[in-house]
Amino acid sequence: MDLITVIVASVLGSLAVLITMGIGIFFCCFYWKKRRNKKSGPDEMEPLQVGKAPSGSKQGTGNETVKDLTRHNVEDRPQQTALRLLPPLPGSVTTQAVPLSDISGKEGTSGNNVGAISFLHSLLPSAEQQEAAADLAREMSEPDEPAGQIQFSLEYDIYSSLLTLKIIQAKGLPAKDITGTSDPYVRICLLPDKKHKLETKVKHRTLSPRWNETFYFEGYPLAKLQKSILYLHVFDYDRFSRDDPIGDVYLPLAQVDLSKKPTFWKCIRPAEDSKLGEILITLLYIPRTSELSITLVKARNLKAKDITGFSDPYVKVWLHRGEKRIEKKKTEVHKKTLDPIFNETFQFVVPWEHIRETSLAIIVMDFDTVGRNEAIGKVVLSSRSGPTEAKHWGDMLSKPRTPISQWHRLKTF
């Protein structure tokens, strides 16, 4: 019995070894075959061009389509473009442009582009930062219609970290008082610090003040100074009411070569508070009857002239031929409003031979029961006016018998 047991055990052991070896060989063959098929297959990351075979290649039988398995080289792919970002705010981390391939999401776009988009979004500044950067860039640009100019000079001592600013003078400032003058002064600070502000003296009854005042900013090493923005805010002083803002100037000190002790003449950007409002005007010209019609539709955001915070607006329209006043019309007065709706139309007879030398002066007034009526602002429409006004006039002439409507920003006298 012992011998038989040993023989049976040996046979079973040998069978077990053979079965194990067979299973191992089977899985090895299956794995090797799968690897060979994967290597010989197309690259999923690189698309294939499907089309007709070149003229020297072998054709398949029947209606078979021959696939050109030539892969795209890097040079053959569409040129990558860079994602443009808004300029960062001073003191913020600079974000570089990131190459961005075609991620339009069309059919055939790789799923890996989703990760690329998420990565790029993480690099973009927030919506608030983008809006602030856009506002700051707009404020630093040269204004189309400046509220005068201001002259100042800068000097920097790198050893004592001392910045010296001299406010010299201004010219061409708008009149803010009923006397036709202003009482200007300048408020100064170095952004982003808004707490420490300096001011010049007030120069009374002048549109071309001369200050010649010097101001010092201590404790500004060069690295800190290059992240600062010089901010000049020009005001008109009023004894019995809030001072009227005239305009402001932004100057990033990183753009200034302080070693040359520069002197600047900078245009003053009109302050938001000092805007006079807008008026919607419709023009119509009929050459056959020589009839020039103007419709004063409405106005918005007019400047308040009364202590109540409102105005009593009405509009005067003067027809000019050259420098000569020909005829005047005016609307009714609208009480206590900054957004009046006029809807009044006036007609003037203007022959075609005189249309080129004709102009319309639209003056928005504030009616006062006691005292003199005050002018809020004006617009002059003619072929020789500003770009916006001249375009409106030209559209009226190029499209006769057609009403042409356009908003116009009121201007100072």
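A quick note: this is a predicted structure, and the numbers were derived from the prediction, not measured. For reference, positions follow the sequence shown, starting with 1.
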Give me the atom names and distance for the closest heavy-atom approach of [X] to [Y].
X	Y	answer
L207	P209	C-CD, 3.5 Å
Q226	A254	O-CB, 3.2 Å
L191	Y250	CD1-CE2, 3.6 Å
T369	K335	OG1-NZ, 4.3 Å

Does any part of the side chain of [Y], heavy atoms only, come nearer than 4.5 Å to the side chain of [X], both counted from C-beta?
X	Y	answer
V256	L230	no
E389	V379	yes
L173	P184	yes
Y216	L198	no
N343	V297	yes
T164	K166	no
R401	P287	yes
D368	D306	yes

Rounded at 0.5 Å granularity, tell me how far [atom1] in [X] sits from [atom2] in [Y].
X	Y	atom1	atom2	value
F152	T263	CZ	OG1	9.5 Å
D244	I246	CG	CD1	8.0 Å
R325	E327	CZ	CD	13.5 Å
E374	D312	CD	CG	11.0 Å
S359	L319	OG	CG	7.5 Å
L163	E155	CG	CD	9.5 Å

Would you confirm whether [X], through its side chain, and [Y], through its main-chain N or O, come within 3.5 Å as a donor-acceptor pair?
X	Y	result
D236	D183	yes
S311	K303	yes
S290	V349	no
D248	L232	no
T200	V186	yes
D243	D238	yes
S382	R384	yes
Q406	T388	yes
Q347	E291	no
D366	P313	no

Please check if atom [atom1] in [X] has more than 12 non-hydrogen atoms from other residues, nucleotides or ligands closer than 6.0 Å.
X	atom1	answer
R205	CZ	no
E353	CD	yes
L162	CG	yes
K329	NZ	yes

task = Might you work through the side chain to side chain contact (heavy atoms under 4.5 Å, CB included) test for I281 and L360, ending with a clear yes or no?
result = CA-CA 11 Å; I281 300 172; L360 291 173; over 6 Å; no
message = Do the side chains of K391 and D395 get close enough for a salt bridge, i.e. N-O under 4.0 angstrom?
response =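 Yes, K391 and D395 are salt-bridged.
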Salt-bridge present (E199, K197; N to O < 4.0 Å) =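 No, this pair does not count.
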Measure up the [X] and [Y] rings against each other and bin them: parallel (under 30°), tilted (30 to 60°), perpendicular (over 60°).
X	Y	answer
Y237	Y185	perpendicular
H408	H392	parallel
Y220	F217	perpendicular

task = List the steps and the verdict of side chain to side chain contact (heavy atoms under 4.5 Å, CB included) for L410 and L302.
result = CA-CA 9 Å; L410 297 177; L302 296 181; 3.7 Å; yes
key: Result of checking F342, Y314, F310 against H334 for ring pair (Phe, Tyr, Trp, His ring centres under 6.0 Å)   =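 Considering F342, Y314, F310, a ring pair (Phe, Tyr, Trp, His ring centres under 6.0 Å) with H334 is found only for F342.
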request  = Might you work through the side chain to side chain contact (heavy atoms under 4.5 Å, CB included) test for L251 and I229, ending with a clear yes or no?
outcome  = CA-CA 5 Å; L251 180 62; I229 299 174; 5.7 Å; no
inquiry  = Whether the D257 and S259 side chains hold a donor-acceptor pair (N or O, under 3.5 Å, no angle test) is what I'd like checked.
reply    =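 There is such a pair (donor and acceptor under 3.5 Å, judged by atom type) between the side chains of D257 and S259.
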task = Tell me yes or no: between the side chains of T295 and T345, is some donor less than 3.5 Å from an acceptor?
result =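 Side chains of T295 and T345: pair found under 3.5 Å.
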Trace of the side chain to side chain contact (heavy atoms under 4.5 Å, CB included) decision for L397 with W352 = CA-CA 10 Å; L397 297 180; W352 176 255; 4.1 Å; yes
